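Below, each value reflects all heavy atoms present in this structure, side chains not excepted, and no hydrogens, waters or symmetry copies. We count residues from 1, following the sequence as given. Quick caveat, the model's predicted, so the values are computed rather than measured.
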Amino acid sequence: MKRLAPICLFTYNRLSETQQTVAALQQNFLAKESDLFIFSDGAKIDDGTLKIKEVRTFLKNISGFKSVTLFESKKNKGLANSIIDGVTKLLLTHESVIVLEDDLITTPNFLDFMNQALEYYKADDTIYTINGYSPLIKNMDLDTFYLHSRCFPWGWATWKKNWNKAYFDKENIRKHISLNSNVLPNFDKYIGDDASYMLLETLNNKINSWYIRWVFNNYLENKKSIFPVLSKVQNIGDTKEATNYSGGISAYYSVLDNSHYTSFDFSKTIILNKTDSRFLKYFSKKHKFLHRLRMLSSRGGVKKLTTEIKTKIFK
């Protein structure tokens, strides 16, 4: 394997989640050969700085990697701008980058998978990102991979050639939508029922998502992202301290890779149909509704549903 891609980790004020994320990353087979770059966002005006100071104290004492570089922002950029700026900064001096947020638990072979996929697909201009997390696709062999136009923001990687800050320009996106009447209906059809809603909420500054802008522009260019059938990432971050906390319930199903395999055969890659319901169902209202119905059968599920309802009522 050639030079490993640097790891780009984004943190804010969640010490426990950050500690778990780093601990799992330290257990990766390639951790000691990898450079870790950490971007610590600053406090909001109405926030205290104590939690961020606690996180930064922990970050300054991290070991177990080839090198650790910490960037501390004096101001609060927010998650979207932090990721856009941080990834852009690293790709000025590196050909590729692996990106994580502070609430993602990785399997020990996560870095093996990401680096091998980056190397295998680096000359393929139709692939724009590598996904560490993957929702379960039924009736597929566990050692295969699949391609789809939508990616996931839970542990991903890309190349310098695919990263363009213009993708995140809201005015450019507005212009494209105004000139193409079918673009939003097709965006939902091929990316998921929630896609255009999320994009419009971002354009109207109701939410601040770098992710949906990234997906939209790559969708326009007919590019795809690759997923492992067995997920290499688990998300632990839907807490009240999360930047994008909604009080909602995740309806994504996945199977975590506990195999510890460190060699992957990417010739076993399947291109999903753009409208494959096994993938797109995860973003449908019907799937989310049925998932909640199933939760009524357990005491823990009822408790989560009650919390979700209260959060949305008093938001």
Side-chain angles (χ1 to χ4, degrees), residues 78-81 83-84 87-88 99 121 124-131 133-140 145-154 156-227 244 246 248 250-253 269-292 312:
L79 180 60
N81 289 333
I83 288 180
I84 294 169
V87 172
T88 299
V99 183
Y121 287 103
D124 189 339
D125 291 334
T126 67
I127 307 296
Y128 72 98
T129 191
I130 312 296
N131 298 281
Y133 174 83
S134 52
L136 176 64
I137 303 298
K138 292 185 177 180
N139 303 318
M140 289 186 69
F145 310 90
Y146 61 93
L147 297 172
H148 195 272
S149 300
R150 182 165 182 155
C151 67
F152 257 85
W154 296 351
W156 55 279
T158 193
W159 303 265
K160 177 187 295 187
K161 63 177 183 177
N162 283 1
W163 188 256
N164 187 342
K165 285 194 74 172
Y167 283 166
F168 307 101
D169 189 308
K170 294 181 181 180
E171 191 55 38
N172 287 344
I173 297 175
R174 291 190 185 96
K175 288 179 181 178
H176 188 90
I177 292 173
S178 67
L179 294 173
N180 298 273
S181 59
N182 292 326
V183 68
L184 290 183
N186 286 335
F187 193 40
D188 283 342
K189 181 179 180 180
Y190 298 123
I191 298 299
D193 290 349
D194 60 339
S196 65
Y197 172 80
M198 197 188 314
L199 182 63
L200 291 174
E201 288 288 280
T202 297
L203 296 180
N204 292 327
N205 298 316
K206 298 292 183 61
I207 61 175
N208 190 17
S209 171
W210 67 271
Y211 160 70
I212 198 61
R213 288 177 275 172
W214 169 243
V215 173
F216 180 72
N217 278 281
N218 282 286
Y219 156 75
L220 293 179
E221 296 179 3
N222 199 31
K223 293 184 178 181
K224 292 180 172 58
S225 61
I226 182 168
F227 293 85
N244 294 316
S246 63
S250 172
Y252 301 135
Y253 304 145
T269 299
I270 298 170
I271 301 177
L272 295 184
N273 185 290
K274 287 184 178 181
T275 57
D276 194 315
S277 61
R278 293 176 299 172
F279 182 84
L280 292 180
K281 73 174 185 179
Y282 287 106
F283 315 106
S284 70
K285 293 180 180 179
K286 179 181 178 180
H287 172 73
K288 295 172 183 176
F289 175 73
L290 291 175
H291 178 71
R292 285 160 174 76
K312 292 187 181 298

Would I84 and R213 satisfy side-chain contact (heavy atoms from CB on, under 4.5 Å), going step by step from the backbone distance to the final call? CA-CA 11 Å; I84 294 169; R213 288 177 275 172; 4.3 Å; yes

So, D193 and S284: side-chain donor and acceptor under 3.5 Å apart, yes or no? no

If the condition is side chain to side chain contact (heavy atoms under 4.5 Å, CB included), which residues does S149 pass it with, not counting sequence neighbours? I191, K224

Contacts of type ring pair (Phe, Tyr, Trp, His ring centres under 6.0 Å), residue F145, not counting sequence neighbours: F113, F266

Could you tell me whether a side-chain N or O of N164 sits under 3.5 Å from a main-chain N or O of A166, the two making a donor and an acceptor? yes

For Y121, all residues meeting side chain to side chain donor-acceptor pair (under 3.5 Å), sequence neighbours excluded: T269

What residues, two or more places apart in sequence or in another chain, satisfy side chain to side chain contact (heavy atoms under 4.5 Å, CB included) together with R278? I137, N139, M140, L272, D276

Closest contact, heavy atoms only, L280 versus T275: CD1-CA, 3.6 Å

side-chain contact (heavy atoms from CB on, under 4.5 Å) for I173 and L199? Distances and angles first, verdict last. CA-CA 9 Å; I173 297 175; L199 182 63; 4.1 Å; yes

Pairwise distance CG(N172) to CD1(I177) - rounded to 0.5 angstrom: 11.0 Å

Greater than 12 external heavy atoms within 6.0 Å of K170's NZ: yes

After noting the C-alpha distance and the side-chain angles of N217 and K223, does the key distance pass the side chain to side chain donor-acceptor pair (under 3.5 Å) rule? CA-CA 9 Å; N217 278 281; K223 293 184 178 181; over 6 Å; no

Test of understanding: with side chain to side chain donor-acceptor pair (under 3.5 Å), list the residues that count as partners of D125, not counting sequence neighbours. K161

Any residue meeting salt bridge (charged side-chain N to carboxylate O under 4.0 Å, His left out) with E201, in chain and number order, not counting sequence neighbours: none

Residues in side chain to side chain contact (heavy atoms under 4.5 Å, CB included) with P153, at least two apart? W210, Y211

So which atom in S209 and which in M198 form the shortest heavy-atom distance, rounded to 0.1 Å? OG-SD, 4.3 Å

Taking L200's backbone N and O only, do any of them form a donor-acceptor pair with N204's side chain (distance below 3.5 Å, no angle check)? yes

State the OH-CG distance between Y282 and D194, to the nearest 0.5 angstrom. 14.0 Å

Contacts of K189 meeting side chain to side chain donor-acceptor pair (under 3.5 Å) (sequence neighbours excluded), chain-then-number -> none

Atom CD1 of I270 and atom NE2 of H148: how far apart are they, to the nearest 0.5 Å? 13.5 Å

Looking at I130 and I127, what are the two nearest heavy atoms and their distance? CD1-CG2, 4.5 Å

Got a sec, which residues hit ring pair (Phe, Tyr, Trp, His ring centres under 6.0 Å) with Y133, two or more places apart in sequence or on another chain? F152, W154

Could you check whether any side-chain heavy atom of S225 comes within less than 4.5 Å of a side-chain heavy atom of Y128, counting everything from C-beta outward? yes

As an exercise, state the distance from CG of N131 to CH2 of W156, rounded to the nearest 0.5 Å. 10.0 Å

Give, for atom CG of N208 and atom CG of L79, the distance between the pair rounded to the nearest 0.5 Å. 8.0 Å

Geometric class of the F279/Y146 ring pair [parallel <30°, tilted 30-60°, perpendicular >60°]: perpendicular

Look at the rings of F168 and W163 and say which category their plane angle falls in: under 30° parallel, 30 to 60° tilted, over 60° perpendicular. tilted

Can you list the residues that meet the side chain to side chain contact (heavy atoms under 4.5 Å, CB included) rule with T126, with sequence neighbours excluded? D124

Taken in chain and number order and not counting sequence neighbours, the residues that satisfy side chain to side chain donor-acceptor pair (under 3.5 Å) with S196 are D188

Axial cation check for Y190 ring with K274, 6.0 Å and 45° limits: yes

Going from OH on Y167 to CG on L220, what distance comes out if it is rounded to the nearest 0.5 angstrom? 9.0 Å

Holding to ring pair (Phe, Tyr, Trp, His ring centres under 6.0 Å), I want the full list of residues that pass it with Y219, two or more places apart in sequence or in another chain. F187

